[in-house]
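Written out below as C-alpha cells is the structure these notes cover.
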Amino acid sequence: MIDTTDIGSPDTGSARIGDRWGRLIARQRWIVAAVWVLLALASALMYPSLQNGLVGVNFSVPGTDSSRADELVERHFASFGSEQVVVTFSSESESESVTVQDSNFRDRVTEVVSSLRQSPDVVRVVDPYESAGFVPQISEDRTSAVALVGVTGDARDRVAVAERLQDLLSLASQDGIDVAITGYSPMTVDLTRVESDDALRAESIGLPIAFVVLILALGSVVAGIIPLVSTGVGLLAAFGVFSLLSNVMTFDVLVTTVASMIGLGLGIDYSLFIVSRFREELARAGVTSRRDRAPIDRAVGAAMGTAGHTIVISGLVVLIALGALTIVEVPAVRSISLVVALTVTCVVIVAWTLLPAILAILGPSVDTLPIPKRLRPATVMAEGATGGTWWSRWARHVMKRAWRYTALATLVLVACMVPIGSIQYGVDLGTNALSAEPSGRANAVLTEKFAPGTISPLTVVFTGADDQQLTPSQLGTVEDFAARVRADDRVAYALAQQSDGRSMLIVVPSVPIDSTAASDLVGEVRAQAVMAGDADGTSVSVGGTTALAADASQEISSILLWVVLAVLTFSFVYLAFVFRSLVIPVKAVAMNVLVTGAALGLTVAVFQWGWASEILGFESSGYIQVYLPVTVFAVVFGLSMDYEVFLIGRMREVFSKTGDNDAAIADGIEHTARPITAAAAIMIAVFASFLTANVLELQQFGFALAVAVLFDAVLVRMMLVPAMMKLFGARNWWPGSRIESSMNSVLEKETASR
C-alpha cells in the first residue's frame, strides 16, 4: 500500500487553486497533450511568415527633431525617396585592372541601373556615368562606382523592397565586377540572416550544456528531456503568436533573438522547478508504478500548487518589470518589452498545461535512464527523508556569520556597479558582422573608396516658421549653414536641394554612421541649427539614422530613472501582497538593484572600456547599445525575482508550519539550492553562448544577463538571502497574515529570552 499522507499540499488559497488545477490537468492529460501537439505544429508552420516580415530596429521617437525631419522629407522631398540605398560596382581583382572606363564595366552599370529604374519600388536612380552630383560616384582609382537609389514605403515595406532588390542583383556580379547593395534596409535583411545564424550557433552550444545540467539536477535522462520539450513548445507558441500579430504590427530583427534567449532561460528554469518538486512528491509518497493514478495525480497537484504557484508569481514579476518599459517612447524598447512579455506568458502557460500533463503521463517513469546513485538529488535518493545535506550545512554556516557574508557580498556587488557612472550610449548597426553578406561587401567598398556615411546621410531640412516657405533671406541662411557644415572634418560632402519652397541639406559623414564621431557631428550640426534659427526664424530639423539614434539615446537616458522607480515600486507592492510582508520585498528590491547594477557595471567595463575584449573576441565600440541598459534592467530585475520567489516561497512554507526562522532558512536552501544552482548554470550557459555571436548587441545582451544570473545565484541566493533572513529573524514576515500568529509567538520567545 502506497503511503500518500505526506504528499505536500499548499497552504494558501491561490496555491490550492494550483493544486486543484494540477489534478485536473492530470486527469485530462492526453487531451491536453494532443491539443499542444496541434498548436506546436501550427506555430511551426507560421514561423516562416514571421521571418519574412521582420524589419530594422526602429529608433524613432515621436515629437523629436529627427522624426520631424523625416516627416518633412516625406512631405516636401518625395522624389528623394523614403530611404536612400546604394548599389556598388567594384573590380573583383585589382590585379586585373578592370576600371570604370572598360566597356564591360560600363555595360554592367548601365544594365543594372536600367533594371533598377524599371522597378516599381524605386523612385529614382542616380547613374554614376550621368551624374555631376555632390557625391563622387566614381572612386579616385577608377575601379569602383556607386549608384544612388531612392526607394519608397514604410519601414516594413522597405525591408521587402530591399529583399526584392537583392534578388534582382543576385546574378548581377559578372565579368570580374562585383555588384552589391547596402543601406539601412538591405543591412536589416542581411542582419536577419546573421542573427539567425548567431542564435542557432549559440543554442547549439547552450542547449547541450543545459541538457547535461538538467540530467545531473534531476537524476535521469528522461527527467532532463522534459524541461527542454516544454520550453521548446513554449517558444514555438510564442513565435506563433508573433506570426499572427505580424499581420497588424511589425517586429524587428533583434527582438525574436532576444525572445529566444530569454525564453529558453526562463522556460527551462520554470520547468526544472516543477519537475524537481514533482519528483520530490513522488519520492515522498513512494510511488513506483504508473498505474497508481491517485498518488500521481496528487503529486502533480502538489507540484503545481507549490512550484507551479511560484513560477506564476515569478512570471508576473517579470511582466511587471517589462511593463515599466512602455513609458519609454522608443519603438525598439517597447518592441523588446512586448515580445519578451509574450514569450514569458507563453512559457508559463505551457508550464501550467502541457508540463503537468507530461508528468501525469509519465509518473514514476520520469526516472527512466537514471544516472549513478551517488550523483542523484538527495531528495530522490532518500525518498523524502533528506537529512542534513551540504546545502543545509552551508546555510547554517552562513547564518553563523551573517554580518560577514552580508558585508562581503554587498561590497563585491557595489564595486562592480562603479563603471555605470561613466556609461556612454550609442547604436551599433551590426556592420562589422556583415562582412560575408552583400551589404557588407558594399559597405567595404564605400569605406575604402568613398565615404562611410554614404550608407545613410544626415538630412537637414529648412523651412519657415510653421512649415512655411523660405524667404530669400532665409535661403541665404541655408547657404551660410551649408558652408559651415562643409568645413567640418567629419563631413565628406554636403549638398542643398530646393523643393516646394523648402531646402534640404544632404550631409554625408566621412565617419561611420554608428560611431561616436558621427553622434558628435549630429550634436554640432544641431547646435549650429539653433544659431541659424535664432538669427532669422528659420526652422531647422536634423534627421537620418544617426540623428534618430541620438534622439533615442536622449529619450532613454531621460526616462531611465522613472523606469527604475516604476519597476521597484510595482515589484515591491506585488511582493508585499504575495508574501504578506513588508521586510521581504524591501530586501528583495534592494538585492535585485545591486545585482542589476553590478551586471550593467561589468557590461560597461567590458564593452565600453574594452576589458577582456581580446579574450572575448570583439572590438570595443566605446559605448553601450542605447536600449540595452533600460531593457537589461527590466529583464534582469524580473529574472532575479525568479530565484527570490522560489527560495523565499519555500522558506515561507516551512515558517508557516513551524514558526522557526532558522529551520525555514536551512530547509529553503536545502530544497532549492540544487535546482536554483542547476537553473542558474543553465541560464548562464544559454546567455553566455551568445558571446559567440557576430552581432555586438547580442554579445552585450548575453554577457549582461549571464553575469546577472551568476551574481544572483552565488552572491545573493547563497549568501545575502540566508544571511539577511537570519539577521531579521521572525521579523522577515512582518506583518504577515496566516503566519502572523506563529511569528508573534516566536517574537515573544525571543523577547523573553532577552
Side-chain angles (χ1 to χ4, degrees), residues 58 60-86 116-117 119-127 130-135 137 147-155 157-158 161 183-185 453-486 491 493-509 522 525-548 550-551:
N58 186 357
S60 62
V61 182
T64 58
D65 186 49
S66 56
S67 294
R68 173 175 165 76
D70 289 349
E71 291 170 2
L72 291 173
V73 170
E74 186 175 353
R75 186 183 308 161
H76 300 298
F77 298 89
S79 61
F80 185 71
S82 302
E83 180 183 340
Q84 296 295 299
V85 299
V86 182
L116 290 170
R117 285 175 174 165
S119 171
D121 304 312
V122 174
V123 294
R124 69 163 190 164
V125 181
V126 182
D127 188 321
E130 299 174 358
S131 171
F134 75 108
V135 177
Q137 293 179 251
L148 306 179
V149 183
V151 298
T152 60
D154 58 21
D157 292 337
R158 291 199 299 270
V161 168
Y184 191 62
S185 291
T454 310
I455 297 172
S456 183
L458 297 179
T459 51
V460 187
V461 185
F462 303 83
T463 69
D466 299 323
D467 196 20
Q468 297 298 310
Q469 294 186 352
L470 294 167
T471 65
S473 64
Q474 289 174 329
L475 288 173
T477 299
V478 173
E479 292 179 2
D480 293 340
F481 182 93
R484 289 195 299 272
V485 170
R486 290 189 186 101
V491 175
Y493 319 105
L495 173 71
Q497 294 185 348
Q498 309 294 325
S499 176
D500 201 18
R502 285 82 178 173
S503 183
M504 175 175 64
L505 184 66
I506 304 171
V507 181
V508 177
V522 170
V525 170
R526 282 178 168 167
Q528 295 182 20
V530 171
M531 295 173 57
D534 291 342
D536 60 4
T538 303
S539 176
V540 188
S541 298
V542 182
T545 301
T546 306
L548 285 172
D551 287 339

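Contact detail for V123 and G81: the closest heavy-atom pair is CG2-CA, 3.7 Å. D551 and D65 get closest at one heavy-atom pair: OD2-N, 3.8 Å. The minimum heavy-atom distance between D536 and S473, with the atom names listed, is OD2-O, 3.8 Å. The heavy-atom pair separating V508 from T454 by the smallest distance is CG1-N, 3.5 Å. Shown here for R486 and A496, the closest heavy-atom pair between the two residues is NH2-N, 4.2 Å. Residues R526 and S66 come closest through the heavy atom pair NH2-N, 3.6 Å.
The shortest side-chain heavy-atom distance between Q528 and V540 does not fall under the 4.5 Å cut-off. Taking the side chain as every heavy atom from C-beta outward, V161 and S185 never approach each other to under 4.5 Å. Residues V86 and L148 have side chains in contact (heavy-atom distance under 4.5 Å, counting atoms from C-beta outward). At a threshold of 4.5 Å between non-hydrogen side-chain atoms, the residues I506 and Y493 do not count as touching. Side-chain contact check for V507 versus V525: every heavy-atom pair is 4.5 Å or farther apart. L72 is not listed as a side-chain neighbour of M504, based on a closest heavy-atom distance of 4.5 Å or more. With contacts defined as side-chain heavy-atom distances shorter than 4.5 Å, the pair R502/F77 qualifies. A heavy-atom distance below 4.5 Å is not found between the side chains of D127 and Q137.
Partners of S119 according to the side chain to side chain contact (heavy atoms under 4.5 Å, CB included) rule, which considers only residues two or more places apart in sequence or in another chain, are D121, V122, L165. With sequence neighbours excluded, no residue satisfies side chain to side chain donor-acceptor pair (under 3.5 Å) with D480. Scored by the side chain to side chain donor-acceptor pair (under 3.5 Å) test, T545 finds S456 as partners (sequence neighbours excluded).
In this structure, CG in L505 is found 9.0 Å from CG in L458, a value given to the nearest 0.5 Å. Taking CZ from R68 and OG from S539, the interatomic distance works out to 4.0 Å, rounded to the nearest 0.5 Å. The distance from the CG atom of L470 to the CD atom of Q498 is 7.0 Å, given to the nearest 0.5 Å. Atom CZ of R75 and atom CG of D500 lie 10.0 Å apart (nearest 0.5 Å). With rounding to the nearest 0.5 angstrom, the CD atom of Q468 is 10.0 Å from the CD atom of Q474.
With hydrogens and angles ignored, the 3.5 Å screen pairs no side-chain donor or acceptor of S541 with any backbone N or O of V461. A side-chain donor-acceptor contact under 3.5 Å links E83 to the backbone of Y184.
Residue E74 qualifies as open at atom CD: its count of foreign heavy atoms under 6.0 Å is 12 or below.
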